[in-house]
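Since we're looking at a predicted model, the values are computed, not measured. Start at 1 with the first residue, then count along the sequence.
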Amino acid sequence: MSSQKAVSGQQQTMTIPERELPISYQPDVVVLGGGAAGVAAAIAASRNGASTLLIEQRGYLGGMGTAALVPAFCPYTDGEKPVVRGIGLDLMETMKLASGDEFLSMYKDRLDWVPIDVEVLKRVYDDAVLESGAHVLFHTLADQVLMDEGHIQGIVISNKTGRSVVQAKLYIDATGDADIAAMAGVAFDKGGNEAELQPGTMCFLVCGADKDRYDRFLAETGQKSSLIETIQEAMRNGDLPDGRKRISGTAWISKSVVGFNFGHIFGIDGTNTEDLSRAAIEGRRLIERQLRFLHKYVPGFEQAHLVHSGDQIGIRETRRIVGDYKLVVEDFINARTFEDDIARNSYFIDIHLANAQSTMIVKHLDPGESHGIPYRCMLPVGVENLIVPGRSVSSDRPVQGSVRVMPNCFAMGQAAGTAAAMIAVDTALQSRLGFRQVDIPDLQQRLIEQGAYLGDRSKIGNGKERIGESKEIVFEEETS
């Protein structure tokens, strides 16, 4: 039998016999995806009184932060104060305390770019979700959504036990790729005007490095950890491939263990398994080349040894749902506040180059500035009992390049889970529940009481959604 992919002028098909499936779980709320948004959503829903099931395809939680080894949390602050608080900030602080004295001495007071201690973080997530009362089901995928007139009636899951149906009141799609929304027929956008997507990165972890020697090298050469001059020299010598001329991220877990966000794999669609398979192979090959570069060019890494590469390529961008409101770049630039804000974002617009010849697109807000993330951009048009927190929210491409990071996903997940619980346990609401039934002021008050930050709500007046005057939109590009 050939292992080659079926090829013909017309897609070949097979009819699967009709069969009855058992209903395996009937929670109030089911959360699909155990990344930052899903973890926060499950904790929030359960803490607020809803029976909650969290379904994750791997054997651990954390999404890109653990599966893809993203080496550090993006900033929680706007440069002056934390704008992501609540569950997301608590989880990072818990990880710090559990990572040992050396880690704590290095990062105790830091809130931005805190390195991720992956194995510790996995346990922190396990404990937090279980302590909230939520139930976790690992090694499980949803492969079908059962719809009835704009409502999800159930989802079909597959795992070692077999196939079964999960029937909940409310569904939270925290897959990061809007997988459930897409199966439910929700419209979505993907990529740029020419279908270009941000590249993937195969992050990795090494041991045997010498941080003190490395720090002296930086001081002597005047370079930052991005190592722009050293990277460019290696590219000129043919020791690194063309692409971004700097290291995106270096995160020291200890004086000898360090994680890297380094290099790109281009032309990857994270919703295409063929692409993900190619990226895994190319990513591991690129790491081998990068390790040789570190040995040859970077003092302190002569004895560095690869101990872990990502279980999958790190994905920055896939689907963006069509929601009740589309967050756009003008909202970001003007630091807009909305009547239905459920989170604040201050992370810069960060669109990685789509190919080796292009450049990064970035845009920062001023220190102390942030914009609101409205509840409506998590609500997919056409489905009532589904909400989509995380990087797949309804936005244009530039804004997605900003809201996609883990702290923001925590904040959106907490809001989604809290809303789900408020609706699910409200005895005044009957059948065919939906996320548009939530009382927004009550939701906002609940979030604030439970530690979230929504900015200065007194700035909203007369129903206006814009705070401040419009500013000209000028993006920045990396030139080196």
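- Panel note: side chain T140, backbone F138; a donor-acceptor pair is recorded below 3.5 Å.
- Distance alone, capped at 3.5 Å, places no donor-acceptor pair between the Q144 side chain and the V165 backbone.
- Side chains of M95 and L91 form no contact here, defined as non-hydrogen atoms less than 4.5 Å apart.
- Side-chain contact of Y60 with D311: a donor-acceptor pair under 3.5 Å is present, judged by distance alone.
- We find the CD-CG distance between E93 and D90 to be 8.0 Å, quoted to the nearest 0.5 Å.
- Between K363 and F332 the shortest heavy-atom distance is O-CZ, 3.6 Å.
- A donor-acceptor contact closer than 3.5 angstrom links the side chains of Q450 and N48.
- Checked by atom type and distance alone, the side chain of Y375 never pairs as donor or acceptor with a backbone atom of Q444 at under 3.5 Å.
- Side-chain atoms of Q167 never come within 3.5 Å of backbone atoms of I23 as a donor-acceptor pair (strictly under, hydrogens ignored).
- Using a distance-only test at 3.5 Å, with no hydrogens or angles considered, a donor-acceptor pair links the side chain of R404 to the main chain of D350.
- In this structure the side chain of V257 never reaches within 4.5 angstrom of the side chain of F103, judged on heavy atoms.
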| request: Report the C-alpha separation of D396 and R320 in whole Å, then their side-chain angles, then the decisive distance to 0.1 Å, and conclude whether the salt bridge (Lys or Arg N to Asp or Glu O under 4.0 Å) test is met. | output: CA-CA 8 Å; D396 65 12; R320 310 187 307 275; over 6 Å; no
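- Looking at S51, its side chain never comes within 3.5 Å of a backbone N or O of P27 through a donor-acceptor pair.
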| said: Could you walk me through whether R397 and I351 satisfy the side chain to side chain contact (heavy atoms under 4.5 Å, CB included) test, starting with their C-alpha distance in whole Å, then the side-chain angles of each, then the deciding distance to 0.1 Å, before giving a yes or no? | reply: CA-CA 9 Å; R397 189 165 186 250; I351 303 176; 4.0 Å; yes
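- R85 forms a cation-pi arrangement with Y453, by the criterion of a distance under 6.0 Å to the ring centre and an angle within 45° of the ring axis.
- Counting all heavy atoms, side chain and backbone alike, I116 lies closest to V70 at CD1-O, 3.3 Å.
- One finds a salt bridge joining R391 and D177 here, because a Lys/Arg side-chain nitrogen approaches an Asp/Glu carboxylate oxygen to under 4.0 Å.
- E196 places a side-chain N or O within 3.5 Å of a backbone atom of E194 that can act as its donor or acceptor partner.
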| Going through the checks in order, is the side chain to side chain donor-acceptor pair (under 3.5 Å) test met by T337 and R344? | CA-CA 9 Å; T337 294; R344 304 291 297 183; 3.0 Å; yes
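- Aromatic ring pairs are classed by plane angle as parallel below 30°, tilted from 30° to 60° and perpendicular above 60°; the pair W113 and Y347 is perpendicular.
- Put simply, the side chain of I268 reaches to within 4.5 Å of the side chain of I315, judged on heavy atoms.
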| field | side chain to side chain contact (heavy atoms under 4.5 Å, CB included) between L197 and T318, intermediate numbers included | value | CA-CA 7 Å; L197 290 162; T318 56; 5.7 Å; no
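- Nearest heavy atoms, S346 versus E369: CB-O, 3.4 Å.
- Around atom CZ of R285, no more than 12 heavy atoms belonging to other residues, nucleotides or ligands sit under 6.0 Å away.
- V405 places none of its side-chain heavy atoms less than 4.5 Å from the side chain of V403.
- Here CD of Q414 is found 13.5 Å from SG of C409. Values are rounded to the nearest 0.5 Å.
- Note: Y76 and F73 have perpendicular aromatic rings, judged against thresholds of 30 and 60 degrees for the angle between ring planes.
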| request: Assess whether side chain to side chain contact (heavy atoms under 4.5 Å, CB included) is satisfied between I157 and L137, documenting all intermediate values. | output: CA-CA 11 Å; I157 61 171; L137 191 63; 3.9 Å; yes
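- The backbone N or O of S46 lies less than 3.5 Å from no partner atom in the side chain of S132, so there is not a single donor-acceptor pair.
- Between the OG atom of S164 and the CG atom of N159 there is a distance of 6.0 Å, given to the nearest 0.5 Å.
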| query | Run the side chain to side chain contact (heavy atoms under 4.5 Å, CB included) check on I387 and L379 step by step: do they pass? | reply | CA-CA 5 Å; I387 194 167; L379 302 180; 4.0 Å; yes
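- Put simply, the side chain of V83 does not reach to within 4.5 Å of the side chain of N345, judged on heavy atoms.
- Side-chain contact, S158 with D143: a donor N or O sits under 3.5 Å from an acceptor N or O.
- Note: T52 OG1 to H135 NE2 = 11.5 Å, rounded to the nearest 0.5 Å.
- Looking at every heavy atom in both residues, D179 comes nearest to D173 through N-OD2, 3.4 Å.
- Counting heavy atoms from C-beta on, the side chains of H352 and H264 come closer than 4.5 Å.
- Under the salt bridge (charged side-chain N to carboxylate O under 4.0 Å, His left out) rule, R376 has a single partner from D340, D324, D331, which is D340.
- Between I155 and Y25, every side-chain heavy-atom pair lies at or beyond the 4.5 Å cut-off.
- With hydrogens and angles disregarded, no donor-acceptor distance shorter than 3.5 Å links the side chain of K122 to the backbone of T66.
- L54 and G34 make their closest contact through CD1-CA, 4.1 Å (heavy atoms, listed as atom of the first residue, atom of the second, distance).
- Heavy-atom minimum distance, V30 versus A168: CG1-CB, 3.9 Å.
- Note that OG of S392 and CE of M412 are 9.5 Å apart. Values are rounded to the nearest 0.5 Å.
- Side chains of L121 and D117 form no contact here, defined as non-hydrogen atoms less than 4.5 Å apart.
- Not one N or O on the side chain of Q400 forms a donor-acceptor pair closer than 3.5 Å with the backbone of S395.
- Around NZ of K108, the count of heavy atoms belonging to other residues, nucleotides or ligands within 6.0 Å does not exceed 12.
- Distance check: R278 CZ to D269 CG gives 10.5 Å after rounding to the nearest 0.5 Å.
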